[in-house]
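Residue numbers start from 1 in every chain, and the chains themselves are labelled A, B, ... in the order their sequence lines are given, proteins ahead of strands. Only a predicted model underlies this, so the values are computations on that prediction, with no experimental measurement involved.
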Amino acid sequence: MRLSQIPWNTLKETPADAEVVSHQLLLRAGLVRRLTAGIFTWMPFGLKVLRKVEAVVREEMNRAGAVEVLMPAVQPAELWQETGRWDRYGDLLLRIRDRHERDYCFGPTHEEVITEVARRELRSYRQLPVNYYQIQTKFRDEIRPRFGLMRAREFIMKDAYSFHLDQASLETTYQAMAEAYARIFRRLGLRFRSVEADSGEIGGARSQEFHVLAESGEDAIAWCDGDSYAANIEMAAALPPSAPRPDPSAALAKVATPKSRSIDEVAAELKVAPERCVKILVVEGTDGGVVALALRGDHSLNAAKAQRLSQVKTPLTLASPERVTSATGAPTGFVGPVGLRVPLIADHSALAIADFVAGANEAGFHHTGVNWGRDTPVPAAADLRNVVAGDPSPGGGGALAIARGIEVGHIFQLGDKYSRAMNAVVLDEDGKERPTIMGCYGIGVSRIVAAAIEQNHDANGIVWPGPMSPFDVTLLVLNPKNAEAVTAAAESIYVQLSGAGLDVLLDDRDARPGVKFAEADLLGVPHRLVVGDRGVREGLVEYRNRASGAEEKVAIDDVGKFILARLSTAAAA
RNA sequence: CGGGGUGUAGCUCAGCUUGGUAGAGCGCUUGCUUCGGGAGCAAGAGGUCGCAGGUUCGAAUCCUGUCACCCCGACCA
C-alpha cells in the first residue's frame, strides 16, 4: 500500500478518555475510532490486523474439523424465551422491537440460534459429532464499557458449538478445541496460558480459559511450573497448611484500639504482623440471617469459593453496617470470634494460627492472645481465600506464582442444558430420541487485538507480533523530492518485496523524516526499511527491527530475500 | 444501577469563582525557508461554549431541567 493514497491520522497527544495503553495506542495509531460508548469503527490499518487474527482463527478451526456458518445478529425473543434466558439474561441483552411490535435482541451469544439450527438439521446420530463455528459481531450492553476494545459493547467473537451423542465424543472435541486454541495463540505470537476456570452462569462440567499474559490484565491466574498447574484465581485451591496449629501460649486479653478498624491499622497499632490477626467478614446467609467468615489478616476473601458454601447467599453480599452491628454487637472492624453470636466459618489458614489478634465484638476494642478451642468453639473449616504467590501448588509440584492475564478464549462443556430446553434430539442406534450433548468454544477476536498491544508495546508505540501486524514490512522513503534516484530505488524495492508476496507499506508521503520514523514506530510494523540519499548511492537500504532496535545495512538487490528470511525465522520461533 | 467527575475549534485544554460578547498548544490550508527521529517564520480557515428553559440591559460564566461522555463498584470473549 502506498501511504500517500490513504488518509491516515495519528495522534501526538493521548486522548483524554483512553485509560489503558491498548486503547491509547489504537487511537493514536489511527487503527480504530470510537463512535459512541463501547462502539468502534475499524479504520483501514486496524481492520488489517483484525483480518489477520480472523484468518489464523479460521484456519485453525477448519484444521480442527469445525465447519463455518454465519448466524443472524438479530434474534427473535421466542428463541430466548424457550431457554428462559429472555428473562434471566438481564440488561446485558440489547432488546429491539420491530414495526409489528415483535421483540428481538441483538445477539450477545448464539446458543439459542445454533440449537435451533441443530434441531432442524440434525436428526441422526450418524450426523454427529459436528462443530459449527462463526466469526461474528456480538453486542452485550455492558453496564460500563471501558478499556477500549478490551470491554467494548459491540465486539467480534469467534464462537463454536459442538453437538454429540455422548460425553466421550464431547471430550474428544473439547480436547481438540483446547489444542486448536493453543495453536492459535502460539501462531499469533502471543504469550498465553490456559487455565482451569469457573464455568459460571453458562453452566456445564468442564471449562478452560485462555489468557494473554499482560500486567494490565483484569484476571489473576495462579500457576506452577513444577507441575503445570494453572487456574483462574477464582478457582485455584488454597491447600490447608500442613503444620498443626501451635498450642496456646498467651493469655486472652482485651485492649483498647479506638482508632483501628482495618487489619493494617490494628496491626500497626498493636505492632503485630497482619498474618497474626484474624479478620471477620459478615455476609448475608441463605436463611435470612448473616454468616461470619474468618480469614487470616493478610488474606483476601474469594467470592466464588464463599458462594459455594450452602450457608452463604448467592451472589455474595456483604452485610450492611447496621446488620453487622445488630447481629454481633460491634460495628464493622471490631467483630471477632470470641463470644460471636452468628454462625462462623473459618478459612483453613485462619484456623492454623494461635495467640492471634481479633476484634472483641465491642466498639474500640480488640483481643490479643486469642486461641481457637480455648477461647472460642472451633468453627467449621473451609477454603475461603484467594491463593497468594508462594502457596503450595495443588498439583504438588512446588510453589504457585501469580500472573495477570486478559481472557481471550473460553471453552465449555455445556451438556444437554440447551438441547433439552429446546428439544434438540437425534435418533440413536436403537432408534430412540436422545438430546444432544453440547460444547461451546469462544474467542474474543477483537479483544485479542487489544490484548496483543497490552502485551507488546513500548514508549514509542505498538510492537506487533509479526503474524498480527497490519504489514509485513514498512518502507520509508526519505527526501523523495530532492532525489529522483531515491524514489526510483524505493519503487523498485516496493515491487521486489510485493512480488515476493510481502504486504508492504510504502511511506511515500511528502513528509519530514522525523514524522515518518515516529509514525512507523507508533504503527509497530516489525520490520522497517529506510531508503535515503545516503544508502542509495551505495546501493544499500537500512533495516531496523521494531522489537529489538537492531539495525543492519542491506544491498537493495537482496532486500526481498533478507526480509523473507526474517519472517520465516520469526515464524519458526 | 449506586457514587464521583467532565461537556468550550478535529485533538489536549485555559477562560467560569468575581457576567461585558471567544483563547492557547497540537492538527488543518497557503507561501517561503527547511528536511536522517513528530521543523521554523508568516498569513489563514475553523466554535449556535452539549441541549432546553430561566435570571439579567447583557450569560461560556449564575439558576433549573435534560442529554452525552468519563472514572470507581457487581458480569463477561
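- At distances below 3.5 Å, not a single donor-acceptor pair connects side-chain atoms of Arg28(A) with backbone N or O atoms of Leu522(A).
- Backbone-only engagement by Gly409(A) is indicated by non-hydrogen atom pairs under 4.0 Å involving sugar-phosphate atoms exclusively.
- Base contact: Val530(A) has a heavy atom under 4.0 Å from a base atom.
- Nucleotide G31(B) has C41(B) as its partner under the Watson-Crick or G-U criteria, with both atom distances under 3.5 Å.
- Whole-Å rounding puts the Glu454(A) CD to A77(B) P distance at 19 Å.
- Under the 3.5 Å distance criterion, the side-chain polar atoms of Asp507(A) are left unmatched by any main-chain donor or acceptor of Lys516(A).
- Ring stacking holds between Phe155(A) and A77(B), with the centres under 5.5 Å apart and the planes within 30 degrees of each other.
- Distance from the side chain of Val515(A) is smallest for A39(B) among the nucleotides A39(B), G36(B), A77(B).
- In this structure, CD of Glu154(A) is placed 17 Å from P of A77(B), rounded to the nearest angstrom.
- With a cut-off of 3.5 Å on both Watson-Crick or G-U wobble distances, the partner of U18(B) is given as none.
- Distance CD (Gln24(A)) to P (C70(B)): 15 Å, rounded to an integer number of Å.
- Atoms CZ and CG, on Phe40(A) and Leu27(A) in that order, are 6.5 Å from each other to the nearest 0.5 Å.
- Base pairing annotation: A60(B) forms no Watson-Crick or G-U wobble pair, as no partner gives both donor-acceptor distances under 3.5 Å.
- Remark: C69(B) base-pairs with G5(B); criterion is Watson-Crick or G-U wobble with both hydrogen-bond distances under 3.5 Å.
- Leu476(A) comes within contact range of no nucleotide atom at all, as no heavy-atom separation falls under 4.0 Å.
- At least one side-chain nitrogen or oxygen of Arg512(A) sits closer than 4.0 Å to the OP1 or OP2 atom of A39(B).
- The interatomic distance linking Ile406(A) (CD1) with C76(B) (P) rounds to 18 Å, in whole Å.
- Ring geometry for Phe139(A) against Phe106(A) counts as perpendicular: the plane angle is over 60°, on a 0 to 90° scale with 30° as the lower cut.
- Rounding to whole angstrom units, CD of residue Glu142(A) and C1' of G73(B) are separated by 14 Å.
- Which of C72(B), C76(B), G37(B) sits closest to the side chain of Arg146(A) comes down to C72(B).
- Atom P of nucleotide A77(B) and atom OH of Tyr181(A) are separated by 10 Å, given to the nearest angstrom.
- Within the 4.0 Å cut-off from OP1 or OP2 of G37(B), not a single side-chain nitrogen or oxygen of Lys516(A) is found.
- The side chain of Glu218(A) lies closest to C75(B) when the candidates are C75(B), G36(B), G37(B).
- For Glu13(A) against G27(B), no side-chain N or O and base N or O form a donor-acceptor pair under 3.5 Å.
- In this structure, Glu112(A) pairs ionically with Arg85(A), as a charged nitrogen and a carboxylate oxygen lie closer than 4.0 Å.
- Judged by the 6.0 Å and 45° rule, Arg95(A) forms a cation-pi pair with Trp86(A).
- The side chain of Lys12(A) approaches G38(B) more closely than any other nucleotide in the set C70(B), G38(B), G36(B).
- Projected onto RNA chain B by closest heavy-atom contact, Thr14(A) and Asn9(A) fall at different nucleotides, the more 5' of which corresponds to Thr14(A).
- Looking at Arg153(A), its side chain has no donor and acceptor atom pair within 3.5 Å of the base of C76(B).
- If you check every strand for non-hydrogen atoms under 4.0 Å, Ser446(A) touches nothing.
- Between the side chain of Arg34(A) and the base of G10(B), no donor-acceptor pair of N or O atoms lies under 3.5 Å.
- Side-chain proximity of Glu519(A) to the nucleotides G37(B), G38(B), A77(B) is greatest for G38(B).
- Within the 6.0 Å centre-distance limit, the rings of Tyr543(A) and Phe562(A) are counted as a close aromatic pair.
- At the heavy-atom level, Ala152(A) lies under 4.0 Å from base atoms of the strands shown.
- The CG atom of Leu50(A) sits 18 Å away from the P atom of A77(B) (whole-angstrom rounding).
- Counting atom types as modelled, Arg33(A) pairs no side-chain N or O with a base atom of G10(B) as donor and acceptor under 3.5 Å.
- Note: CZ (Arg88(A)) to C1' (C75(B)) measures 15 Å, nearest angstrom.
- At a cut-off of 3.5 angstrom, the base of C75(B) holds at least one donor-acceptor pair with the side chain of Arg151(A).
- Toward the 5' end of RNA chain B, the nearer of the two residues Leu92(A) and Pro15(A), judged by each one's closest nucleotide, is Pro15(A).
- Distance from the side chain of Glu407(A) is smallest to A77(B) among G36(B), G38(B), A77(B).
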